[in-house]
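For reference, the structure is listed below as structure tokens.
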Number of protein chains: 2
Amino acid sequence: MKRTTIGDVAAAAGVSAATVSRVLNGGAVKEDTATRVWAAAARLDYTPNALTKSIFAGRSNTIGVIIDDLRSPFYLDLMRGIDEVADANGSLVMFANTFHRSGHEVAQVQTMDEQRVRGLVVTTGDSTDERTGRMAAGGTPCVIVARPAPETQPNLHSVALDNVAAGRLMAAHVLACGHRSVGVVVSGGRPSQRDRTEGVRRGLAEAGVPLPPEAVVSVETDDRAEAALAKLLDRPVDVVACLTGRRTVAVHTALVARGLSIPDDIGFLTTDDFAWAPALGITVVAQPAHRMGQRAAELIIDNPGEPARLTFQPELLARTSCGERR
Amino acid sequence: MKRTTIGDVAAAAGVSAATVSRVLNGGAVKEDTATRVWAAAARLDYTPNALTKSIFAGRSNTIGVIIDDLRSPFYLDLMRGIDEVADANGSLVMFANTFHRSGHEVAQVQTMDEQRVRGLVVTTGDSTDERTGRMAAGGTPCVIVARPAPETQPNLHSVALDNVAAGRLMAAHVLACGHRSVGVVVSGGRPSQRDRTEGVRRGLAEAGVPLPPEAVVSVETDDRAEAALAKLLDRPVDVVACLTGRRTVAVHTALVARGLSIPDDIGFLTTDDFAWAPALGITVVAQPAHRMGQRAAELIIDNPGEPARLTFQPELLARTSCGERR
DNA sequence: TTGAAAGCGCTAACAC
DNA sequence: GTGTTAGCGCTTTCAA
């Protein structure tokens, strides 16, 4: 099944391939030549080969995105932001989902590099840092999302939340609601999780409220939420702060499964806004995920000479899940 | 910023480009030659150019996916299914979000064709049918999701839900819960919406319950949900059946905003399962979205000679939002 | 087992 | 204006 090439069109229109190329890309051609070429192209159903074009440019017009898990509300909004800007610039988005298959992530970065993507957005942990760094060194702009870039290097940018501020916002809110004993749920030990925990700790400390180590539990997968919560609620806890949007459903469900009513028996707040949060009255600290995605894509398209480290401020969306504010 | 080419590696290893190619792709080469080549490749940080490779194959190793709006739970799960199978086969996924910008969709199909995708998954309305048909005629396997393929043609497959069955399932459930006056919400007039409505109508008719035209309203965008519901609830309605997963949040919110309590004041059920449905007790008719995505990707990778029209059966997940079953 | 040479579909100099 | 000629980075005959 051979496809129509530029040569076929040229032959059909009685011109050279170069002329066809000029017609298609807006060079200087006589009007009736152009007409003949367009007609021939339409008749032969000619679709130019973008792959071949990219060879000359040295790279494709596609932005690569590597994401842990699209099901997280943050990543989904991030993705939409990237897609929007890409689309507005005539770029495409190539996407790979790691699903936390560690070891696979590095291979995916490599694959994106082989595709000669115009730029790469990575949201994985630091396992990919070395490969991403080399890619940036090779001239491909890369944006690390959700944590600061590991080192200052040309073509290597980052887009992240002020995670400490997010933690502080949560602490301030639960204190304002009259809570004193806070339980914290994180997922794994990624820097963002550590920083948010630290923010909570500092925010509470300023009000003289401690956050002992046993008040912080890690939930690695959804099905371990119940067990982790059982441990967390061994000691009296007024309010549970979930520092990871990925675990919101599981933690909320585990709370309810224990027969706890929110906010009457226990307060609850989490990270990342989501479509059902208003309906459920769940208070969240939101990241400007959509905006972050847009900026990430813009960094790739504009690729400023100076490496950029963009930090975004979180926003508290107070609803009813922590009880009334006093 | 010139990147390392196969020629650079060849020169460094003291062999020809052809030999390097053979080493990289597993041809017959003497062992110590291979060793020298691998060493040179590593030293020069050689990353093969997949774009150039694709020129020879005639097409890339990427599966294109065109989706209306990723925020819909169905599409997100579909996407995950596609990605999974693609990944398992060493394929990548290239993704475009139309966001219902009509007119843009056809351009996006064309763009995917220009990228010489290995295959294309389209979820848009029929505006793209002509272009997709030509793509299939040109040899690229295409899969239309959520409605049957418009015509039987080689390389053109479809993956869809049995929408009439979905409507019947809903009708049977609301009848079993003792409801008699059903209000239906659809979004636009796409075939899937029409078929589901028809299913509801037939299911009710068999029990002698009518579904008059004024019992069906269309909600085109989220912000029009309240107005549409006001109209729908002009007449007495026991239960609202939302036939589009995309509008679940908006319709549910509009119901609650009217001061209606679910299921005490009014029953509610919708299409497509979602993460928070169990927590909210919302009954849904689910599509096997993940499975459908996998099958779509498999159709592209295996591309059977006979055009396939796959139909999937919906499943009722009964929870509490329609009241107790009698 | 290896290299030289041709060519994939397209663009970009350089002539005419 | 338009055609000719070189490539882009890689694979694939075809000889050696």
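All values derive from a computational prediction rather than experimental measurement.
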Original post:
Hey, where on DNA chain C does chain B first and last touch, going 5' to 3'? Cut-off is any atom under 4.0 Å from a heavy atom.
Top reply: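 From 5' to 3', the first and last contacting nucleotides are C/dT1 to C/dC8.
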Are [X] and [Y] close enough for a salt bridge, meaning some N to O gap below 4.0 Å?
| X | Y | answer |
| --- | --- | --- |
| A/Arg131 | A/Asp113 | yes |
| A/Arg246 | A/Asp68 | yes |
| B/Arg80 | B/Asp83 | no |
| B/Arg43 | B/Asp8 | no |
| A/Asp129 | A/Arg134 | no |

Do any N or O atoms from the side chain of [X] and from the backbone of [Y] form a donor-acceptor pair under 3.5 angstrom?
| X | Y | result |
| --- | --- | --- |
| A/His157 | A/Ala308 | yes |
| A/Arg147 | A/Ile144 | no |
| B/Ser54 | B/Ala50 | yes |

Expressed as a whole number of angstroms, how long is the span from [X]:[atom1] to [N]:[atom2]?
| X | N | atom1 | atom2 | value |
| --- | --- | --- | --- | --- |
| A/Ile55 | D/dT11 | CD1 | P | 11 Å |
| B/Leu24 | D/dG9 | CG | C1' | 13 Å |
| B/Phe56 | D/dT13 | CZ | P | 11 Å |
| A/Asn49 | D/dC8 | CG | P | 18 Å |
| A/Arg59 | D/dC8 | CZ | P | 18 Å |

Are any of the side-chain heavy atoms of [X] and [Y] separated by less than 4.5 Å?
| X | Y | answer |
| --- | --- | --- |
| A/Val145 | A/Phe74 | yes |
| B/Arg36 | B/Asp32 | yes |
| B/Ser60 | B/Leu51 | no |

Short N/O separations, protein against nucleotides 1-3 of chain D, under 3.5 angstrom:
{"residue": "D/dT2", "atom": "OP1", "partner": "A/Thr33", "partner atom": "OG1", "Å": "2.5"}
{"residue": "D/dT2", "atom": "OP2", "partner": "A/Lys30", "partner atom": "N", "Å": "2.7"}
{"residue": "D/dT2", "atom": "OP2", "partner": "A/Thr33", "partner atom": "OG1", "Å": "3.3"}
{"residue": "D/dG3", "atom": "OP2", "partner": "A/Ser16", "partner atom": "N", "Å": "2.9"}
{"residue": "D/dG3", "atom": "OP2", "partner": "A/Ser16", "partner atom": "OG", "Å": "3.1"}
{"residue": "D/dG3", "atom": "OP2", "partner": "A/Thr19", "partner atom": "OG1", "Å": "2.4"}
{"residue": "D/dG3", "atom": "N7", "partner": "A/Arg22", "partner atom": "NH2", "Å": "2.8"}
{"residue": "D/dG3", "atom": "O6", "partner": "A/Arg22", "partner atom": "NH1", "Å": "3.3"}

Subject >> Short side-chain N/O contact to D/dG9 OP1/OP2 from B/Lys2, under 4.0 Å >> reply: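 Looking at the OP1 and OP2 atoms of D/dG9, one of them is under 4.0 Å from a side-chain N or O of B/Lys2.
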**OP:** Quantify the bending of the helix from C/dT1-D/dA16 to C/dC16-D/dG1 as the angle between its end axes, each fitted on five pairs, to 10°.
**Re:**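 If I round to tens, the end axes sit 40° apart.
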